[in-house]
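Heads up: the structure comes next, in structure tokens.
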Amino acid sequence: MVRIETVTGRADRRRRGLLVSQLRATNTQASPVMRALRDTPDGRETPLQVWALAEDGANAQDGTDRADDKPAGPDDRADEALVAGLDARTWGRWLHIDLLWVDARHRRAGLGARLLATAEQIAREERGCRHARVCTWDFQAPDFYQRYGYAVVCAIPDYPPGATEYTLTKRLD
């Protein structure tokens with residue numbers, strides 16, 4: 001007999017961890033490719049982040065600087081000069097771009113292209129990545145990625161309703 005439970009509004013981290021572990025073991029057993037990746041540097045997800053910071057120390061969000069009397073903690077410094085950033089990870093010789101953002105005041109100046117090129121170079125030269133992938137919506141940046149050699153491999157219309165999500169890939173070698 002099997003009992004079905006649902007969890008809504010909060011995550012069951014212990015069971016999720018167990019699910020990930022079981023799925024990884026099943027995939028490793030079922031696929032020679034996954035078996036070959038297991039316990040190798042290519043089989044580990046490794047973060048890759050590229051930041052663009054204002055040289056004058058101005059806060060990118062509100063235009064003020066942090067010249068108050070209290071010392072800044074690590075969380076305070078995290079956004080004090082952030083004008084753009086790229087958050088990605090590498091796995092299986094692929095660069096997976098999760099987030100790319102450029103402050104409105106710095107757009108159309110090539111900053112996004114510089115972040116993208118830097119992440120691709122690190123992924124290719126230091127981590128041996130051969131491909132890159134990104135998901136973006138129609139109101140975000142599919143044209144931007146296509147300008148830099150990415151091709152649409154999937155379009156999901158009405159996800160969420162009224163928008164289209166695109167998956168794009170690019171060969172890095």
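This chain uses plain numbering: 1 for the first residue, then up along the sequence.
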(message) What's the separation between atom CE in Met34 and atom OG1 in Thr28, rounded to the nearest 0.5 Å?
(response) 6.0 Å

(message) Tell me which pairs pass salt bridge (Lys or Arg N to Asp or Glu O under 4.0 Å) where either residue lies in residues 153-173, with sequence neighbours left out.
(response) Glu120-Lys170, Arg171-Asp173

(message) Under 4.5 Å between side-chain heavy atoms, counting indirect links through other Ile/Leu/Val/Met/Phe/Trp/Tyr residues: same cluster for Phe139 and Val134 or not?
(response) no

(message) Is there a continuous path of hydrophobic side-chain contacts, each under 4.5 Å between heavy atoms, that joins Leu116 to Val102?
(response) no

(request) Mind checking side-chain hydrogen bond (donor to acceptor under 3.5 Å, both in side chains) for Gln49 and listing every partner two or more places apart, or none if nothing turns up? (result) Asp87

(message) Is there a side-chain contact between Tyr145 and Ile97 in this structure, where contact means two heavy atoms from C-beta onward sitting under 4.5 Å apart?
(response) yes

(request) For Pro157, enumerate each residue passing the side chain to side chain contact (heavy atoms under 4.5 Å, CB included) test, keeping only those at least two apart in sequence or located in another chain. (result) Thr164

(request) Applying ring pair (Phe, Tyr, Trp, His ring centres under 6.0 Å), name anything that partners Phe144, two or more places apart in sequence or on another chain. (result) Tyr148

(message) Taking atom CH2 as the centre, does Trp91 end up with more than 12 heavy-atom neighbours from other residues, nucleotides or ligands that are less than 6.0 angstrom away?
(response) no

(request) Could you name each residue pair satisfying salt bridge (Lys or Arg N to Asp or Glu O under 4.0 Å) that touches residues 7-27, not counting sequence neighbours? (result) Glu5-Arg15, Asp12-Arg15

(message) Does Trp137, at its CH2 atom, have more than 12 non-hydrogen atoms belonging to other residues, nucleotides or ligands within less than 6.0 Å?
(response) no

(message) Using modelled atom types and a 3.5 Å cut-off, is there a donor and acceptor pairing between side-chain atoms of Thr26 and backbone atoms of Gln22?
(response) yes

(request) Dump the intermediate steps for side-chain contact (heavy atoms from CB on, under 4.5 Å) on Cys154 and Val152, then the final yes or no. (result) CA-CA 6 Å; Cys154 175; Val152 174; 5.8 Å; no

(message) So does Ala141 get a backbone contact from the side chain of Thr136, meaning a donor-acceptor N/O pair under 3.5 Å?
(response) yes

(message) Could you report the tightest heavy-atom contact between Leu111 and Ala52, atom names first, then the distance?
(response) CD1-CB, 3.8 Å

(request) Taking all non-hydrogen atoms of both residues into account, name the closest pair between Gly85 and Leu115 and its distance. (result) N-CD1, 3.7 Å

(request) Might you work through the side-chain contact (heavy atoms from CB on, under 4.5 Å) test for Thr167 and Tyr150, ending with a clear yes or no? (result) CA-CA 9 Å; Thr167 300; Tyr150 286 74; over 6 Å; no

(message) Under 4.5 Å side-chain heavy-atom separation, chaining through any Ile, Leu, Val, Met, Phe, Trp or Tyr, what else clusters with Val153? Say none if it is isolated.
(response) none

(request) With sequence neighbours left out, write down each residue that passes side-chain hydrogen bond (donor to acceptor under 3.5 Å, both in side chains) with Gln121, or none if nothing qualifies. (result) Glu125

(message) The test is side-chain contact (heavy atoms from CB on, under 4.5 Å); show your working for Val83 and Leu53 and say whether it passes.
(response) CA-CA 5 Å; Val83 296; Leu53 306 171; 5.9 Å; no

(request) For Arg127, check side chain to side chain contact (heavy atoms under 4.5 Å, CB included) against everything at least two apart and list the hits. (result) Thr46, Leu48, Thr90, Ile122, Cys129

(request) Applying side-chain hydrogen bond (donor to acceptor under 3.5 Å, both in side chains), name anything that partners Asp98, two or more places apart in sequence or on another chain. (result) Arg89

(request) Any pair with a residue in residues 130-149 that passes salt bridge (Lys or Arg N to Asp or Glu O under 4.0 Å), sequence neighbours left out, goes on the list, sorted by first then second residue, please. (result) none

(request) Report the C-alpha separation of Trp94 and Leu172 in whole Å, then their side-chain angles, then the decisive distance to 0.1 Å, and conclude whether the side-chain contact (heavy atoms from CB on, under 4.5 Å) test is met. (result) CA-CA 9 Å; Trp94 278 76; Leu172 296 179; over 6 Å; no

(message) Holding to side-chain hydrogen bond (donor to acceptor under 3.5 Å, both in side chains), I want the full list of residues that pass it with Asp42, two or more places apart in sequence or in another chain.
(response) Arg93

(request) Quick one: name the residues clustered hydrophobically with Ile4, using the 4.5 Å side-chain heavy-atom rule over I, L, V, M, F, W, Y, and just say none if it's on its own. (result) Val2

(message) I'd like to know if the side chain of Thr118 reaches the main chain of Arg114, judged simply by a donor and an acceptor atom lying under 3.5 Å from each other, with no hydrogens or angles considered.
(response) yes

(message) With a 3.5 Å distance limit and no angle check, can you tell me whether Thr40 reaches the backbone of Leu37 through a side-chain donor-acceptor pair?
(response) yes

